[in-house]
Protein chains: 2
Amino acid sequence: METTYTEENYLKAIWSLSTKSGKGVSTNKIAERLETKASSVTDMIRRLSEKGLVDYIKYQGVKLSDEGREVAVRVIRKHRLWESFLVDKLGFNWDEVHDLAEQLEHIRSTELTDRLDSFLGNPKFDPHGDPIPSRDGSFPERERRLLQSFGPGDEIIVTGVSDSSVAFLQFLNRMKLELGTHLRVVEHIDFDQSMLVQREDGNEQLLPQGVVSQLLVTEKLN
Amino acid sequence: METTYTEENYLKAIWSLSTKSGKGVSTNKIAERLETKASSVTDMIRRLSEKGLVDYIKYQGVKLSDEGREVAVRVIRKHRLWESFLVDKLGFNWDEVHDLAEQLEHIRSTELTDRLDSFLGNPKFDPHGDPIPSRDGSFPERERRLLQSFGPGDEIIVTGVSDSSVAFLQFLNRMKLELGTHLRVVEHIDFDQSMLVQREDGNEQLLPQGVVSQLLVTEKLN
DNA sequence: ATATATTTTTAGACTAATCTAAAAATTGAA
DNA sequence: TTCAATTTTTAGATTAGTCTAAAAATATAT
């Protein structure tokens, strides 16, 4: 299956906007992510659907097919390996490499990807702490601990919840916390066990005790 | 000046088809090189001309403008640096890297190119023996001539090929000829323009006309 | 020098990806 | 539940790059 750069970018966007809930990803969400228009997204989704890369029902959003997911994960593997290369070998800072990796991730060669992987020493996580899929598409496991066990300065990624009640999940949603959200701990507030954290956009947010004691996170390995 | 991948490929083709004679490069030659049709070439030349990247007179062929040459040389610099990376760091053979470098040469980032350059130790020549332009676009010197211009007793080093088709490179590989191979000319075989040479291990080898007329070598000055 | 062959350009059409504007479907609030 | 707001899709146009077929220009051979 031949895929264009653009198709790969759509598949990647759908992958990262997908949730375990099983709901389709909405046209507008994809448009926003890719900085394009909803009408363009509809067109592209139709093309991807004809190629069997996504399952699509009009007005109901879109999901990746098995084949579409494979393509997306292969692109993500390349993206994260190139980011590792740029930081570990060329000395870029981890916050400078995203746009470059967006270009490099479309280079077509399994052989190159695999050689790059071993040149880098088969890293399991990229410079942002995100897991690098292996050749067969499987993601490495990460050690997860409760948010409360971290302290000021620690950088973490939300990777799960120990209480999966609907109410808790909805509350997380309201707090704009989801899987993959990156946070930096600013401080513990001792008197009520809440925690001040900083988001990627620089804004600070206060997380109540209920969240701090239930949220599973993974430490970012820089 | 923003250039597309396709424009860059045209500029590169025009660069490599240009001769010192100062004549314009013909539409058909470009079409053949890029495996496209003459009509497509005419269209693209017109676009490049409007952008000021080439000088073009209908029916008289095309020449690179100063700005077009700069773009072409920057792409060539990237191509050759990536080839060096693939061979020196990832362990590819020098006859396997061309198609990959054709993709990598379009990655847009002067910063990346310069960091790659220093990561590789600022190489002057790529794995095919071709000179790598420096950041400012200047080529390193090295006097190379075709093997056929040498005579009995001359000692030379293989430093490049004037035909870098995959078939030719693979043939050289089969003949155990690679960059840096040292040879001594034994004799010209006049009737079919082949050449008898002696290798460092003392063995003699007959090189067919196709090799003798395409292999670039540098004289060994002892 | 003139007819023929070759090269180059033009005309018109196609595809991928995009856009704007408007229509259709869905969602949500009174 | 019904009507307004929002989301999504459709219709039609645009751009880059390509093609085929035919016309125009140039080169070549007798």
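Heavy-atom basis, side chains included; hydrogens, waters and symmetry copies ignored. Letters go in sequence order (proteins before strands), and every chain restarts at 1.
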(message) Test your reading of the model: is there a side-chain donor-acceptor pair from B:Lys89 to the backbone of B:Leu120, 3.5 Å cut-off?
(response) no
(message) At 4.0 Å (heavy atoms only), tell me whether A:Ser40 reaches a base, stays on the sugar-phosphate, or touches nothing.
(response) base
(request) Using atom CE of B:Met44 as one end and atom P of C:dT8 as the other, report the distance to the nearest whole Å. (result) 18 Å
(request) Specify the separation, in whole Å, of atom CG of A:Leu48 and atom P of C:dA17. (result) 9 Å
(request) Would you indicate, yes or no, if D:dT8 has its OP1 or OP2 atom less than 4.0 angstrom from a side-chain nitrogen or oxygen of A:Tyr56? (result) no
(request) Can you tell me the distance, in whole Å, between the NZ atom of B:Lys58 and the P atom of D:dA23? (result) 17 Å
(request) Considering just the side-chain nitrogens and oxygens of A:Lys37, establish if one lies under 4.0 Å of OP1 or OP2 belonging to D:dT8. (result) no
(message) Whole angstroms only, please: what is the OH-C1' distance between B:Tyr5 and D:dT15?
(response) 18 Å
(request) Take atom OH of A:Tyr59 and atom C1' of C:dA25, then tell me their distance rounded to the nearest Å. (result) 4 Å
(request) Please work out if A:Thr27 contacts a base, only the sugar-phosphate, or nothing of the nucleic acid, heavy-atom cut-off 4.0 Å. (result) sugar-phosphate
(request) Considering just the side-chain nitrogens and oxygens of B:Arg47, establish if one lies under 4.0 Å of OP1 or OP2 belonging to D:dA16. (result) no
(request) Using modelled atom types only, decide if a donor and an acceptor are shared between the side chain of A:Arg33 and the backbone of A:Leu17 within a distance under 3.5 Å. (result) no
(message) Using whole Å, what does the distance between atom P of nucleotide C:dA25 and atom CD of A:Gln60 come to?
(response) 13 Å
(message) Rounded to whole Å, please give me the gap between CG in A:Asn28 and P in D:dT6.
(response) 12 Å
(request) Give the rounded distance in Å between these two atoms: CD of B:Glu35 and P of D:dG17. (result) 18 Å
(request) Verify the contact: side-chain N or O of B:Ser39 to OP1 or OP2 of D:dC19, cut-off strictly under 4.0 Å; return yes or no. (result) no
(message) Need to verify one output field. Residue with the more 5' nearest nucleotide on DNA chain C, B:Val41 or A:Glu7?
(response) B:Val41
